[in-house]
Amino acid sequence: MDYLKGLNEPQREAVQHIDGPLMIIAGAGSGKTRVLTYRTAYLIEKGVDPFQILLLTFTNKAAGEMRQRIENAVGNDGKNLWMGTFHSVFAKILRFDGKHLGYTSDFSIYDTDDSKSLIRAIVKERGLDDKVYKANVIYNRISGAKNRLIGPDEYLNNSVIAADDTAAKLPEMGKLYKLYTLRCFQANAMDFDDLLYNTNILFRDHPAVLDKYQRKFKYIMVDEFQDTNISQYLIVKKLSELSKNLCVVGDDAQSIYAFRGASIDNILNLEKDYPNMATIKLEQNYRSTKNIVEAANSIIAKNKNQLKKKVFTENEVGSLIELIKASSDNEEGRLIATHLFESKMAHGLRNTDFAILYRTNAQSRAFEESLRKLNIKYRIIGGLSFYQRREVKDLLAYFRFVVNQKDEEAFKRIINLPKRGIGDTTIAKIAVTASENQISVWEVVSNIKQFQAGRFADTIEGFADLIKSFKIMVEVNKKDAYEVAAHIAKASGLLRELHEDKTVEGLSRYENVQELLNSIKQFVDDNEVEEEDKSLSSFLQTVSLLTTADSDDPDGDNDRVTLMTIHGAKGLEFNHVYVVGMEEDLFPSQMMLQSRADLEEERRLFYVAITRAEKKLMMSYAESRYQYGRLKPCEPSRFLDEIDPQYLQFAKNIRRPEEKPAPQGFVRMTNREQKAPDFGTSNKPTSTASLIAKPAARPVVGNTYIPSQDFVPSDTKNLVEGDRVEHLKFGFGKVKKIDINGTDRKAVIQFEGTIGEKTLLLSFAKLRIL
DNA sequence: CCGCTCCGCAACGAT
DNA sequence: TGCGGAGCGG
């Protein structure tokens, strides 16, 4: 147990506290993963059977990495641990015991696309307007209900919900929910939320099953506990009811998934449910410099909902955080890429030492282009994952249908793929025949000649025979996943179709399918132990819950700059980090600022972003950016205005670059006077308080604040007193006074009519000069 | 039924 | 801009 020596006091305590409920509050960079790894190793060394340990993580990637580290510590015993994401672990349980709820072990997992497609179909069948009943909205409402454990019947009978739906002009919501659930069930399919919801139902209604797992899992650990929702919490609670050996690790300051039901309340619930729970705080940060840790602390210091803890570090003070200002997103990209290149050369770093973090995936474009121009290799995490590409999903749909013929969404995908002349009309006929005879679609298709002698009977029979031959391979000949998959790819004609497509996309599609087959081969080779584990069905189980976890390039060329969203960056660390697009409406996101709680979440997100950096942190923003191919002006730097100057003064660790000749077209942020721009805040704060005290709603104090979308793009740099201007919202006016302070330009404008005089901040074009 | 064109609309996050 | 869905002619 040498490793215990390398731990600090609270860490060691956390590792050795193995009996009874335990909550570990772990600040960013405090060695959380280490503690979990060692704690698991410690358990095993203390004689706990790895089969009795359940370790729940937040992402597949985290699970994989942690398993590796545990295996390094304890050897092959680590293989026998139950560990994975909530979804994957409970999917496994439902494979075993879903039969109690009427599912077979081959049930399909519907991804979001499948779910939405099913919803669209139902909405259409019911003759509802799909402009009103948008699949997205319906899906989110259903998802929300399931995550709160509200089933369709309860939903229908709940008057509060009904009133809410009526108010949202969606009175049919409840019925849709019910129908959707029914159709999923008939398809022997579960969506992501069902995996949790059904596990709850399973444990609620089948005590014997619950008892089995309660006895099995003597020790349960939950990582990223702050991101669990009620549904997940209840499962964990039930499972640990017997043993009481529940250990959760989390950091309320990094709770950034409230939008999908995660709730800090779970921590409070936990304290209530386990009154004798021990709490250990890990407060020493080993990752970042003092400057970074302090800056991060200051961001969340005044959040209302938080557990008290003080993250500190004994690392060096480090260099200041650097602010970079650009005039457009392209320029932002150029600046960051250049900056990155220069620091790489200056400090002898590798590409992997850098990360560029943004708020939304759509922002990646400018950085990709700039990095490419400088020949800097990069990789993008997130975005369209490999398993979401069309051609990959098509082939997977074949697999799904071969394994589970009730899978309606898979059926719809493949029945006419490759083109075999079976269109909507024919599919509709099949569906009608199926429901008239009260049988499944597959039963109609596989016996098509009994029902129809139409023009397409032969084609359909051919399709059915194809599927049947695949089924025989799987069920009778017990071929492994790779053999079946390769055969299906060929025999279905999918591969040939893609091969014949000589366009660039066609080529990459073909490669993707090959890649998929490769990964299946690898899957088979990795699972040599049991025959069961090599089946197509078992491959599907693994794969339907994978998303962004695609592995790095197989070429071994892994020295790449990482581009990802801040959400995706959780749990990672990089030497140098760029947090980009820190401007109004983007970060904090406009949508998020609807409520106060959400503002707090944006701050936590900011906190997460900052604390990814070990040595150096850069923040940048642009005055305008392209959106939908159009240059869209935005009100820049409002977020920075919020944290600046108060935040800067506090943290004393942000450096605005010294004035030097600006590269073409680029305006460096100047050392402006430390005077708070007085728009937005009337009470001038001297500390970080104002960052927090500012209400989330659009503030109008003294001056009028105008949302950026109301501005006409024009160059206000040319604005002079006496100019006649037009403003989209206020109409015509005359510039009375211009106040230039650094790059901040304010204008007092006397508008015509009854509006009167307004003071407008002119950091970007907002007015048309007439 | 297929394929082409036009149109509308798009927003974050992860399993 | 760029995608997917709808609608229409062949």
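Letters A, B, ... mirror the listed sequences (proteins, then strands); counts begin at 1. What you see is a predicted model; the values in this text were computed from it and never measured.
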Exercise. Quick one: is B:dA10 close enough that its OP1 or OP2 comes under 4.0 Å of any side-chain N or O from A:Asn136?
Worked result: no
Problem set entry | For atom CG of A:Leu357 and atom P of B:dG13, their distance in whole Å | 13 Å
For this session: Starting from P on B:dC12, measure out to NE2 on A:His567 and report it in whole angstrom.
Result: 12 Å
Exercise. Expressed in angstrom and rounded to an integer, what is the separation of A:Asn416 atom CG from B:dC1 atom P?
Worked result: 9 Å
Problem set entry | Phosphate-side-chain proximity, A:Thr360 and B:dG13, N/O vs OP1/OP2 below 4.0 Å | no
Exercise. Given that A:Ser143 and A:Lys134 both sit by DNA chain B, which one's nearest nucleotide is further toward the 5' end?
Worked result: A:Lys134
Exercise. If you check every side-chain atom of A:Arg120, which of B:dT15, C:dG5, B:dG13 has the closest atom?
Worked result: C:dG5
Exercise. What class does the angle between the rings of A:Trp82 and A:Phe96 fall in, given that below 30° is parallel, 30 to 60° is tilted and above 60° is perpendicular?
Worked result: tilted
Exercise. Which part of the nucleic acid does A:Phe86 contact within heavy-atom distance under 4.0 Å: base, sugar-phosphate only, or nothing?
Worked result: nothing
Problem set entry | For atom CD of A:Gln226 and atom P of B:dA14, their distance in whole Å | 15 Å
For this session: Indicate, with a heavy-atom threshold strictly under 4.0 Å, whether A:Thr59 touches base, sugar-phosphate, or nothing.
Result: sugar-phosphate
Problem set entry | With A:Leu149 via side chain to side chain contact (heavy atoms under 4.5 Å, CB included) - residues at least two apart | A:Tyr197, A:Asn200, A:Ser231, A:Leu234
Problem set entry | Atom-pair distance (CG on A:Leu563; P on B:dC12), nearest Å | 16 Å
Problem set entry | Residues which pass side chain to side chain contact (heavy atoms under 4.5 Å, CB included) with A:Gln68, listed by chain and number, not counting sequence neighbours | A:Asn72
Exercise. Out of B:dA14, B:dC12, B:dT15, which nucleotide sits closest to the side chain of A:Tyr257?
Worked result: B:dA14
Exercise. Which comes earlier along DNA chain B counting from the 5' end, the contact point of A:Gly568 or that of A:Ile427, where each point is its nearest nucleotide?
Worked result: A:Ile427
Problem set entry | A:Tyr110 OH - B:dA14 P separation (whole Å) | 24 Å
Problem set entry | C:dG2 and B:dG13, which share atom name C1', separated by this distance in whole Å | 22 Å
Exercise. Rounded to whole angstroms, how far apart are CG on A:Leu572 and C1' on B:dA14?
Worked result: 14 Å
Problem set entry | Options B:dG13, B:dA14, B:dC12, nucleotide nearest the side-chain atoms of A:Arg359 | B:dC12
For this session: Measure the acute angle between the ring planes of A:Tyr103 and A:Phe107, then classify it against the limits of 30° and 60° as parallel, tilted or perpendicular.
Result: perpendicular
Problem set entry | From CA spacing to verdict: ring pair (Phe, Tyr, Trp, His ring centres under 6.0 Å), A:Phe58, A:Phe86 | CA-CA 7 Å; A:Phe58 191 61; A:Phe86 276 89; 8.5 Å; no
For this session: Take atom CG of A:Asp111 and atom P of B:dT15, then tell me their distance rounded to the nearest Å.
Result: 13 Å
Seminar exercise, completed: Which of B:dC1, B:dA14, B:dT15 is nearest the side chain of A:Thr426? It is B:dC1
